[in-house]
Structure formats: structure tokens, C-alpha cells
Chemist: 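I am attaching a structure below and will ask some questions about it afterwards.
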Amino acid sequence: MFDQEKIKQATRLLLEGIGEDPQREGLLETPDRVARMYEEICAGMQQDAGEHLATTFEVSDGGMVVERDIRFYSLCEHHLLPFFGTAHVAYIPDGEVTGLSKLARTVEVYARRLQLQERLTAQVADALMDSLHAKGAIVMIQAEHMCMSMRGVRKPGSQTVTLIKRGLFEEDERLVDDFFRMVNA
């Protein structure tokens, strides 16, 4: 569970550490705001993506299901700075599908944690395989990392792209090609 008081204390220490006065009028409520913000943007730590994927519907046709351009926001675990972008998710059902919103919710659950983009990509694909018993899953994420844009190398607009293939997508390049055609349509 979240410890709001520890987050508030840490925020006060951070403000002091950078030379600010936590008692200054504009900063008085900042520790409270920061604590609420972290509880919101890290809410995925308290959630199980499998719960969203538990509702399924039977289908006789096992064609590819693609949800593209799923916007997300996450926090890099190395610098606690945001990274954000789009996820493109596809799976091949094995007799059952889930609601389309559940794919976006799955991305959201994993994005709302301290993350690495590579791990986020794999977690979404693995959740589809495990929870939906999919024949295959593929996930591509494109994101801008603020740790590269506003500090360090300072290259705003640069995109990191990760791709994970599971099941049939590892075996059949034609499925991968179909995925890319659908994502880029």
C-alpha cells in the first residue's frame, strides 16, 4: 500500500535538498499534491492486469485482433521521470476474445508502475498469452523518455521502440508482416 506520509516527508526533503523552502506559500501544499499524484500514477502496482482480461467471449474464428495507438504514460524506474507514447497490441485468440477496452486497460495497469519500456512490452504480451490463452501475441511500444529529452543527452522527440513476439508470432513472419500492415494502415 501507499504510505502518503513518507511521500510527503520525502517531498519536503527534496525541496530542501534543492535549496527551496517547503514553508514558502507556493510550496505549502506541494507535498500533499505530490503524494496524491504518485498514488495515481503508480496505481498499477496495486492492480492485477489479469482481472481486466478475465471477461471473455467465445469466438469460432481465430483471426488476429489488433488494438493500435493506445496512449500511455509511465515512470522510468531509473530517474523517476515520465516516458510516454503509444502501444500497439495484437493477439490470435484460441476460441475466446476479450473486450477491446480490456487491451487498453492491460497496457494502463503495467504502465502505471515504475517501469522499463522493455519490461512493459513483455508484461503486456505475457498477460495476453497467460490470461487469454492466446495462440500468439505481439506488442510494439513507441515512447519518448524524458530522461533523454530534458536531461542527459537532451534529445527531445527521440523515440524508443520495443517489440515482443510470443507464440505464433515467433514462428510465422507473415503474421508479423500482417501486424505491421494493420498498425501502419
Side-chain angles (χ1 to χ4, degrees), residues 37-78 81-149 157-185:
M37 175 199 66
Y38 273 103
E39 188 167 18
E40 179 182 339
I41 64 177
C42 294
M45 294 172 64
Q46 312 299 320
Q47 298 175 343
D48 175 11
E51 290 178 20
H52 295 294
L53 297 171
T55 302
T56 59
F57 310 96
E58 287 186 35
V59 292
S60 57
D61 181 9
M64 187 187 315
V65 178
V66 177
E67 185 77 19
R68 67 180 200 185
D69 299 325
I70 302 168
R71 295 287 301 165
F72 74 90
Y73 301 87
S74 192
L75 279 180
C76 167
E77 68 181 34
H78 294 149
L81 285 172
F83 68 95
F84 56 92
T86 54
H88 312 287
V89 176
Y91 71 100
I92 299 173
D94 189 13
E96 59 185 6
V97 295
T98 192
L100 296 177
S101 69
K102 306 307 185 199
L103 301 176
R105 290 184 193 280
T106 300
V107 171
E108 189 75 7
V109 165
Y110 290 118
R112 288 188 173 265
R113 299 176 179 187
L114 297 181
Q115 264 304 2
L116 297 174
Q117 181 174 332
E118 297 87 345
R119 183 187 312 125
L120 171 61
T121 309
Q123 286 173 325
V124 173
D126 292 340
L128 297 174
M129 293 298 289
D130 296 341
S131 295
L132 297 178
H133 313 291
K135 293 179 184 177
I138 187 168
V139 177
M140 182 174 76
I141 293 181
Q142 301 166 273
E144 181 173 351
H145 292 250
M146 296 311 290
C147 57
M148 282 189 53
S149 297
S158 63
Q159 295 276 309
T160 299
V161 180
T162 50
L163 178 74
I164 292 287
K165 301 181 281 185
R166 300 286 191 255
L168 292 179
F169 286 98
E170 294 173 295
E171 303 164 13
D172 189 344
E173 277 302 311
R174 290 176 303 168
L175 289 173
V176 176
D177 292 343
D178 288 346
F179 168 75
F180 282 117
R181 271 193 293 281
M182 294 170 85
V183 165
N184 293 317

Chemist: Checking side chain to side chain contact (heavy atoms under 4.5 Å, CB included) for the pair Val97/Tyr91: CA distance, chi angles, key distance, verdict?
Modeler: CA-CA 9 Å; Val97 295; Tyr91 71 100; 3.3 Å; yes
Chemist: Ignoring hydrogens, what is the shortest heavy-atom contact between Gly99 and Phe57? Give both atom names and the distance.
Modeler: N-CE1, 3.8 Å
Chemist: With distance as the sole test, does Arg68 use its side chain to make a donor-acceptor pair with the main-chain N or O of Met182 at under 3.5 Å?
Modeler: yes
Chemist: Taking all atoms of both residues into account, what is the closest heavy-atom pair of Ala127 and Leu53, and its distance?
Modeler: O-CD1, 3.6 Å
Chemist: For Leu114 and Cys42, work out which heavy atoms get closest and say how close.
Modeler: CD2-SG, 4.4 Å
Chemist: Sequence neighbours left out, what passes side chain to side chain donor-acceptor pair (under 3.5 Å) with Asp48? Give chain and number order.
Modeler: none
Chemist: Which atom pair, heavy atoms only, marks the closest approach of Phe72 to Gln142?
Modeler: CE2-O, 4.3 Å
Chemist: Counting only heavy atoms not in Met45 (residues, nucleotides, ligands), do more than 12 fall under 6.0 Å from its CE?
Modeler: no
Chemist: When rounded to the nearest 0.5 angstrom, what distance separates CD in Gln159 from OG in Ser149?
Modeler: 8.5 Å
Chemist: Quick one: do Phe169 and Met64 satisfy side chain to side chain contact (heavy atoms under 4.5 Å, CB included)? Show the steps, please.
Modeler: CA-CA 11 Å; Phe169 286 98; Met64 187 187 315; 4.0 Å; yes
Chemist: According to side chain to side chain donor-acceptor pair (under 3.5 Å), who are the partners of His52, at least two apart in sequence or on a separate chain?
Modeler: none
Chemist: Set out, in order, the CA-CA distance, both residues' side-chain angles and the distance that settles side chain to side chain contact (heavy atoms under 4.5 Å, CB included) for His88 and Asp69, then state yes or no.
Modeler: CA-CA 6 Å; His88 312 287; Asp69 299 325; 3.1 Å; yes
Chemist: Please answer whether the main-chain N or O of Gly157 pairs with a side-chain N or O of Glu144 as donor and acceptor at a distance below 3.5 Å.
Modeler: yes
Chemist: Per the salt bridge (charged side-chain N to carboxylate O under 4.0 Å, His left out) rule, what does the pair list look like for residues 175-185, sequence neighbours excluded?
Modeler: Asp178-Arg181
Chemist: After noting the C-alpha distance and the side-chain angles of Leu175 and Phe179, does the key distance pass the side chain to side chain contact (heavy atoms under 4.5 Å, CB included) rule?
Modeler: CA-CA 6 Å; Leu175 289 173; Phe179 168 75; over 6 Å; no
Chemist: Check side chain to side chain contact (heavy atoms under 4.5 Å, CB included) between Glu39 and all other residues, then give those that pass, not counting sequence neighbours.
Modeler: Phe2, Gln4
Chemist: Any luck finding a side-chain donor-acceptor pair between Thr162 and Glu118 under 3.5 Å?
Modeler: no
Chemist: Given 3.5 Å as the limit, does a donor-acceptor pair link the side chain of Ser74 with the main chain of Ala111, or not?
Modeler: yes
Chemist: Out of curiosity, Ile92 CD1 to Met129 CE, how far, rounded to the nearest 0.5 Å?
Modeler: 9.5 Å
Chemist: Residues two or more places apart in sequence or in another chain: which of them pass side chain to side chain donor-acceptor pair (under 3.5 Å) with Glu51?
Modeler: none
Chemist: Using a 3.5 Å distance criterion without hydrogens, assess whether the side chain of Glu171 forms a donor-acceptor pair with backbone atoms of Leu168.
Modeler: no
Chemist: With side-chain contact (heavy atoms from CB on, under 4.5 Å) as the test, pick out the partner of Leu128 among Thr98, Ile138, Val89, Val65.
Modeler: Val89
Chemist: Not counting sequence neighbours, list each pair that qualifies as a ring-ring contact (aromatic ring centres under 6.0 Å, His included) and has a residue in residues 116-145.
Modeler: Phe83-His145
Chemist: How would you list all residue pairs meeting salt bridge (charged side-chain N to carboxylate O under 4.0 Å, His left out) that involve residues 121-133, not counting sequence neighbours?
Modeler: Asp126-Arg166
Chemist: Return the set of residues passing side chain to side chain contact (heavy atoms under 4.5 Å, CB included) with Arg174 (not counting sequence neighbours), or none when no residue passes.
Modeler: Asp172
Chemist: Mind checking what makes side chain to side chain donor-acceptor pair (under 3.5 Å) contact with Glu173, not counting sequence neighbours?
Modeler: Lys165
Chemist: Do Thr121 and Met140 have side chains that approach each other closer than 4.5 Å (heavy atoms only, starting at C-beta)?
Modeler: no
Chemist: Please report the closest heavy-atom contact between Leu75 and Pro82, naming both atoms and the distance.
Modeler: CD2-N, 3.8 Å
Chemist: Any donor-acceptor pair under 3.5 Å linking the side chain of Glu96 with the backbone of Val59?
Modeler: no
Chemist: Go through the structure and list residues passing side chain to side chain contact (heavy atoms under 4.5 Å, CB included) with Arg119, not counting sequence neighbours.
Modeler: Glu77, Gln115, Leu116, Gln123
Chemist: Partners of Gln47 by side chain to side chain contact (heavy atoms under 4.5 Å, CB included), sequence neighbours excluded?
Modeler: Val109
Chemist: Between Arg113 and Gly44, which heavy-atom pair has the shortest distance, and what is it?
Modeler: NE-O, 2.8 Å
Chemist: Going by salt bridge (charged side-chain N to carboxylate O under 4.0 Å, His left out), name the pairs with one or both residues in residues 98-110, residues two or more places apart or in two chains.
Modeler: Glu108-Arg112
